[in-house]
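Heads up, the thing below is written out as structure tokens.
Quick caveat: nothing in here was measured; it's all calculated off a predicted structure.
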Amino acid sequence: MPSIHRPLAAEVANPIDPASIYVLAVAPCPPWRLKIKICAPDIVKFLDTAKEVMGVSADHITTLVDKNATAPAVRAAFAKLKDSLPKGSTLIVYYIGHGMLVPGRSGGGDETEEALILWSASSPFAAIHAVNSGMWMTGSELSELINDLPVKDILVILDTCNASGADDEIAPKSARFASKEIALIASARAHEIAFGDLTSAAFTRNLLAAIRSKPPTLYEAFLTAQKETSAEAAIRCEAAATSGAIDEACTPQDPKLFDPLGLTKRIELRNE
């Protein structure tokens, strides 16, 4: 039986050198936000996979977890990366945690955008206060921090509810991104819940399993994770409907990829 192994370097156009990849991993699970605490375990699994399959060097990783993942700490991490990232490097920003839609700041009426719920010891009395005070970070602010970096290739992975609510801010749809290749992997679309259980977030679990199955690139891994996550959400909703349970959180979860320039097709996956 002929081998199905394919020489990746010959098939992936302009592949990214693993030695040039840096990761900023942010995982805030504030103590007042639900009882499921998957941030720390999932970030360990993600980083282990990044090192073992994507070839990311351990000293190229910045990790902010739980009480260390405050909004000021995230801003400080971006400031440090701005001063230290070598030109020609690739940055992966991985966020796993809670998120919600808030009114957009463009004055566009009913427009909303994603807000990342970063760590605080107690719950803010209102979401708009958390945004205006800088306790939480909107997709707009994240976009500005990304745009300020001296690197061209940036991949943002958001595993949070309403994740694609950040696409208008992060995805390269305006002239200011002309010099950058920015991609966004969103675990759920706007107005969709990102499912999880006591051990992991559904999308992260499926994405890491797909990466470890060793497809040629991250793009193929995403397609597999998208299919598996959507199917898993459908089963959850069907079970809730069959049992007659009232489950307001039972919405579709359909991960989405914004990658007009094909950055995820240039990130090779391999087990060394």
In residues 13-29, what donor-acceptor pairs under 3.5 Å come from side-chain atoms, sequence neighbours left out?
| residue | atom | partner | partner atom | Å |
| --- | --- | --- | --- | --- |
| Asp17 | OD1 | Ala19 | N | 3.0 |
| Ser20 | OG | Asp17 | O | 2.7 |
| Tyr22 | OH | His60 | NE2 | 3.4 |

hydrophobic_cluster_shared for Ile117 and Phe125, side chain cutoff 4.5 Å: no
- prompt: OG of Ser187 to NZ of Lys256: how many Å apart, nearest 0.5 Å?
  reply: 13.0 Å
query: Could you state the interatomic distance from CG (Leu101) to OG1 (Thr138), rounded to the nearest 0.5 Å?
result: 12.0 Å
query: For Val102 and Thr112, what are the C-alpha separation, side-chain angles and deciding distance, and is it a side-chain contact (heavy atoms from CB on, under 4.5 Å)?
result: CA-CA 5 Å; Val102 296; Thr112 59; over 6 Å; no
- prompt: Which heavy atom of Met54 sits nearest a heavy atom of Leu269, and at what distance?
  reply: CG-CD2, 3.6 Å
field: Interatomic distance, Glu141 atom CD to Ile146 atom CD1 [nearest 0.5 angstrom]
entry: 11.0 Å
Tyr219 atom OH: more than 12 heavy-atom contacts under 6.0 Å: no
- prompt: What closest approach, in Å, do Asp167 and Leu184 show between heavy atoms, and which atom pair accounts for it?
  reply: CA-CD2, 3.7 Å
field: Candidate pair Leu47 and Thr63, rule side-chain contact (heavy atoms from CB on, under 4.5 Å), full reasoning
entry: CA-CA 9 Å; Leu47 294 176; Thr63 307; 3.4 Å; yes
Residue pair Ser140 / Glu113, side-chain donor-acceptor N/O under 3.5 Å: yes
- line: Closest non-hydrogen contact found for Ala233 with Phe195 is CB-CE1, 3.6 Å
query: Is the backbone of Gln253 close enough, under 3.5 Å, to the side chain of Ser230 for a donor and an acceptor to pair up by distance?
result: yes
query: Taking NZ, NE, NH1 and NH2 as the nitrogens, is one of them in Glu220 or Lys265 under 4.0 Å from a carboxylate oxygen of the other?
result: no
query: Can you check whether Val74 reaches Leu64 side chain to side chain, under 4.5 Å on heavy atoms?
result: yes
- prompt: Which atom names give the shortest non-hydrogen contact between Gly97 and Cys39, and what distance separates them?
  reply: CA-SG, 4.1 Å
query: Can you name the nearest heavy-atom pair linking Leu145 to Leu149, along with the distance?
result: O-CG, 3.5 Å
Considering only distance and modelled atom types, tabulate donor-acceptor pairs under 3.5 Å from the side chains of residues 79-92, sequence neighbours left out.
| residue | atom | partner | partner atom | Å |
| --- | --- | --- | --- | --- |
| Lys82 | NZ | Asp148 | OD2 | 3.2 |
| Ser84 | OG | Lys80 | O | 2.8 |
| Ser89 | OG | Pro86 | O | 2.6 |

Atom pair OH/CE of Tyr95 and Met137 - distance to nearest 0.5 Å: 10.0 Å
query: Are the side chain of Thr49 and the backbone N or O of Lys45 linked by a donor-acceptor pair below 3.5 Å?
result: yes
message: Quick test of your reading of the model: are Asp153 and Arg266 salt-bridged, counting only N-O distances below 4.0 Å?
response: yes
- request: Kindly indicate whether the side chain of Asp66, heavy atoms from C-beta on, has any atom under 4.5 Å from the side chain of Asn68.
  value: no
- prompt: Can you find a pair of side-chain heavy atoms, one from Asp254 and one from Gln226, that are under 4.5 Å apart?
  reply: yes
- request: Decide side-chain contact (heavy atoms from CB on, under 4.5 Å) for Leu257 and Thr264; before the verdict, give the C-alpha distance in whole Å, the side-chain angles of both, and the deciding distance to 0.1 Å.
  value: CA-CA 9 Å; Leu257 171 66; Thr264 56; 3.9 Å; yes
task: Could you walk me through whether Met135 and Leu118 pass side-chain contact (heavy atoms from CB on, under 4.5 Å), step by step?
output: CA-CA 7 Å; Met135 183 186 300; Leu118 292 159; over 6 Å; no
message: I want to check something: taking the side chain as every heavy atom from C-beta on, are Glu52 and Arg212 in contact at a cut-off of under 4.5 Å?
response: yes
Show me the side-chain donor-acceptor pairs of residues 200-207 shorter than 3.5 Å, one per line, residues at least two apart or across chains.
| residue | atom | partner | partner atom | Å |
| --- | --- | --- | --- | --- |
| Ser200 | OG | Arg205 | NE | 3.0 |
| Thr204 | OG1 | Tyr94 | OH | 2.8 |
| Thr204 | OG1 | Asp159 | OD2 | 2.6 |
| Arg205 | NH1 | Glu232 | OE1 | 3.2 |
| Arg205 | NH2 | Glu232 | OE2 | 2.9 |
| Asn206 | ND2 | Ala202 | O | 3.1 |
| Asn206 | ND2 | Thr229 | OG1 | 3.1 |
| Asn206 | ND2 | Glu232 | OE1 | 3.4 |

message: Looking at Asn132 and Ile128, would you say the former's side chain and the latter's main chain have a donor-acceptor pair under 3.5 Å?
response: yes
message: When you measure from the side chain of Asn162 to the backbone of Gly165, do you find a donor-acceptor pair of N or O atoms at a distance under 3.5 Å?
response: no
statement: Between the CH2 atom in Trp119 and the OG1 atom in Thr70, the distance rounded to the nearest 0.5 Å is 10.5 Å
query: Can you check whether Ile185 reaches Phe258 side chain to side chain, under 4.5 Å on heavy atoms?
result: no
- request: Return the minimal non-hydrogen interatomic distance between His98 and Pro30, and the atom names on each side.
  value: CD2-CD, 4.2 Å
field: Reported CG-to-CG distance for the pair Asp42 and Leu208, which is rounded to 0.5 angstrom
entry: 7.5 Å
- request: Given side-chain hydrogen bond (donor to acceptor under 3.5 Å, both in side chains), test Ser120 with Trp136 step by step and report yes or no.
  value: CA-CA 9 Å; Ser120 60; Trp136 296 357; 5.1 Å; no
